Amino acid sequence: MASASDLVTQAKEAFIDDHFEKAVDLYSQAIALNPNNPDLFSDRAQANIKLHNFTEAVSDANKAIELDASIPKAYLRKGTACFNLEEYYTAKTAFEAGAALAPEDARFSEWIQKCDKCIAEEEGELVTPSLKAPRRATLTEIVDEAPEEIDQVNTTSSEVATTTPAKPKYRHEYYQKPEEVVVTVFAKGVPADRVSVNFGEQILSVTIEVPGEEPYVFQPRLFGKIVPANCKYVVLSTKIEIRLAKVEHIHWTSLEFVKDNVVVRSSNVPSGTQRPSYPSSKPTKDWDKLEALVKKEEKDEKLDGDAALNKFFRDIYSDADEDTRRAMSKSFVESNGTVLSTNWKEVGSKEVEGTAPEGMELRKWEY
């Protein structure tokens with residue numbers, strides 16, 4: 001029987017050869033032998049992305065993050081999968097978390113820009129909620145899961161006349177900050193005029209009415225009291241985002257009220273400097289220590305080919321003085337990527353001419 005390391009080697013070879021289904025199968029076998037290895041889930045997420053299995057990729061990335069929250073590639077893959085699921089807020093949150101762990105990786109900032117563009121386009125499609133609903137909010141954060149399709153009971157044509165309409169089920173998630181709780185109901189393509197959201201002192205009431213179906217009603221008694229006048233919601237093309245303003249800045253251990261709930265008061269740190277707080281039974285992580293560990297691991301990482309060369313140049317640039325950085329930037333830009341000099345005295349006073357590789361001719365394009 002093959003060991004987990006042998007299976008991983010075979011999976012990586014399959015991935016390189018574009019045999020992504022085989023790679024997923026091999027990673028699954030390795031996970032069965034080593035279910036607590038976050039890298040296996042992260043790598044299987046990448047293979048699932050190649051297969052356009054984006055929901056499975058989100059699940060794998062979430063598992064990797066649950067096992068080890070300091071792996072930047074897990075956030076990158078989660079964000080990529082969520083983006084392809086049109087969950088742009090979720091994707092942006094994942095990319096921002098990854099960027100905090102790997103600030104030198106330009107891919108995160110590029111993806112964040114893509115998310116911002118799509119979010120702006122999506123918000124342009126918003127419809128004003130009903131008059132009885134509070135004002136619409138502009139959202140900048142989203143919960144840590146990808147949406148699921150509506151789970152409906154299938155009926156045959158002969159049963160339609162004798163059975164009641166299927167009751168739709170929409171998945172919901174939440175996260176919180178000291179001053180508010182953000183609830184997401186994943187309901188795709190529901191018109192805003194079919195959605196009703198009301199707020200009580202300690203009650204949230206969400207009703208979705210779709211023709212031909214029984215109304216969907218989500219009406220929990222909340223963990224803590226809220227300020228109805230300050231609560232708001234917005235209907236997007238794929239979900240309903242609800243913001244609940246807390247009366248007290250306490251940590252909710254659950255969304256719904258349960259007897260003997262333990263109340264934990266939050267520290268008075270401004271919310272803008274805090275990460276979103278997700279429900280978890282795990283101990284608090286030392287993020288500064290994790291960030292330092294990730295940077296050390298990336299610096300020691302062994303790469304091949306272009307990746308190794310790019311890392312070599314990044315290391316030179318990051319450790320260089322200001323003149324060396326200026327020389328590298330100026331020479332690379334002016335030579336169209338054919339010259340990279342670290343001598344500012346040599347390149348600072350003149351334009352750097354491009355140099356074509358042996359056997360090739362350097363041509364300038366006119367626009």
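Small disclaimer: the values here were computed from a predicted structure and weren't measured.
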Ser59 side-chain N/O to Thr55 backbone N/O, donor-acceptor pair under 3.5 Å: no
Measure across Cys118 and Phe83 and return the closest heavy-atom pair with its distance rounded to 0.1 Å. SG-CZ, 3.7 Å
May I have the step-by-step check of side-chain hydrogen bond (donor to acceptor under 3.5 Å, both in side chains) for Asp6 and Gln10, ending in yes or no? CA-CA 6 Å; Asp6 291 336; Gln10 295 174 35; 5.9 Å; no
Between Leu67 and Pro35, what is the shortest heavy-atom contact and its length? CD1-O, 3.9 Å
Just wondering, do Asp39 and Lys73 contact through their side chains at under 4.5 Å, heavy atoms? yes
Decide side-chain hydrogen bond (donor to acceptor under 3.5 Å, both in side chains) for Asp68 and Ser70; before the verdict, give the C-alpha distance in whole Å, the side-chain angles of both, and the deciding distance to 0.1 Å. CA-CA 6 Å; Asp68 187 350; Ser70 66; 2.6 Å; yes
Side-chain heavy atoms nearer than 4.5 Å, only ILVMFWY residues, links allowed to pass through others: does that put Val197 and Tyr216 together? yes
At what distance, to the nearest 0.5 angstrom, does CD1 of Ile49 lie from OG1 of Thr80? 5.0 Å
Can you measure from NZ (Lys92) to NZ (Lys114) and round to the nearest 0.5 angstrom? 15.5 Å
Which heavy atom in Phe95 sits nearest to a heavy atom in Leu76, and how many Å separate them? CE2-O, 3.5 Å
Stepwise, does the side-chain hydrogen bond (donor to acceptor under 3.5 Å, both in side chains) test hold for Thr184 with Glu173? CA-CA 5 Å; Thr184 303; Glu173 297 286 355; over 6 Å; no
SB check Lys22 Asp25 (cutoff 4.0 Å): no
Are Phe41 and Phe15 joined in one hydrophobic group, where the rule is that I, L, V, M, F, W and Y side chains link up if heavy atoms are under 4.5 Å apart? no
Evaluate the side-chain proximity of Tyr233 to Arg243: yes if any heavy-atom separation is below 4.5 Å, no if none is. no
With the side chain counted from C-beta on, respond yes when Asn48 and Phe54 share a heavy-atom pair under 4.5 Å apart, and no when they do not. no
Least distance between heavy atoms, Ala74 atom then Ala61 atom: O-CB, 3.6 Å
Test item: Tyr75 side-chain N/O and Ala69 main-chain N/O as donor-acceptor pair under 3.5 Å: yes
Pair Lys232, Glu241 - check salt bridge (charged side-chain N to carboxylate O under 4.0 Å, His left out), show working. CA-CA 9 Å; Lys232 59 194 75 172; Glu241 296 291 342; over 6 Å; no
Please determine if Lys246 and Glu179 form a salt bridge, counting it only when a charged side-chain N lies under 4.0 Å from a carboxylate O. no
Give the intermediate values and the outcome of side-chain hydrogen bond (donor to acceptor under 3.5 Å, both in side chains) for residues Ser205 and Gln219. CA-CA 4 Å; Ser205 178; Gln219 188 170 302; 3.2 Å; yes
Report the distance from atom CG of Leu222 to atom CH2 of Trp252, rounding to the nearest 0.5 Å. 4.5 Å
Looking only at heavy atoms, what is the nearest atom pair of Ala64 and Ser42, with distance? CB-N, 3.9 Å
Do the side chains of Arg107 and Glu110 get close enough for a salt bridge, i.e. N-O under 4.0 angstrom? no
Report yes if the distance between the aromatic ring centroids of His172 and Phe186 is under 6.0 Å, otherwise no. no
Hphob cluster co-occupancy, Tyr174 + Ile208, side-chain heavy atoms under 4.5 angstrom: yes
Is there a side-chain contact between Thr207 and Val195 (heavy atoms, below 4.5 Å)? no
Measure the CG-CG distance between Leu26 and Asp43 for me, rounded to the nearest 0.5 Å. 12.5 Å
Looking only at heavy atoms, the pair that brings Tyr89 and Ile119 closest together is OH-CG2, 3.4 Å
Should Val183 and Ile203 be counted in the same cluster of Ile, Leu, Val, Met, Phe, Trp and Tyr side chains packed under 4.5 Å apart? no
Would you check if Phe223 and Glu256 make a side-chain contact, meaning some heavy-atom pair closer than 4.5 Å? no
Going hydrophobic residue to hydrophobic residue with side-chain gaps under 4.5 angstrom, can you get from Phe218 over to Ile226? yes
Given side chains that start at C-beta, do those of Asp60 and Arg77 come closer than 4.5 Å, heavy atoms only? no
Is there side-chain contact between Trp344 and Thr324, with heavy atoms separated by less than 4.5 Å? no
Heavy-atom donor-acceptor pair, Asn53 side chain to Glu56 backbone, under 3.5 Å: no
Rounded at 0.5 Å granularity, tell me how far CD in Glu87 sits from OG1 in Thr93. 10.5 Å
CD-CG distance between Glu121 and Asp116, expressed to the nearest 0.5 angstrom: 11.5 Å
Measure the shortest side-chain to side-chain distance between Ser237 and Lys188 over non-hydrogen atoms and say whether it is less than 4.5 angstrom. no
Atom NZ of Lys330 with >12 non-hydrogen neighbours under 6.0 angstrom: yes
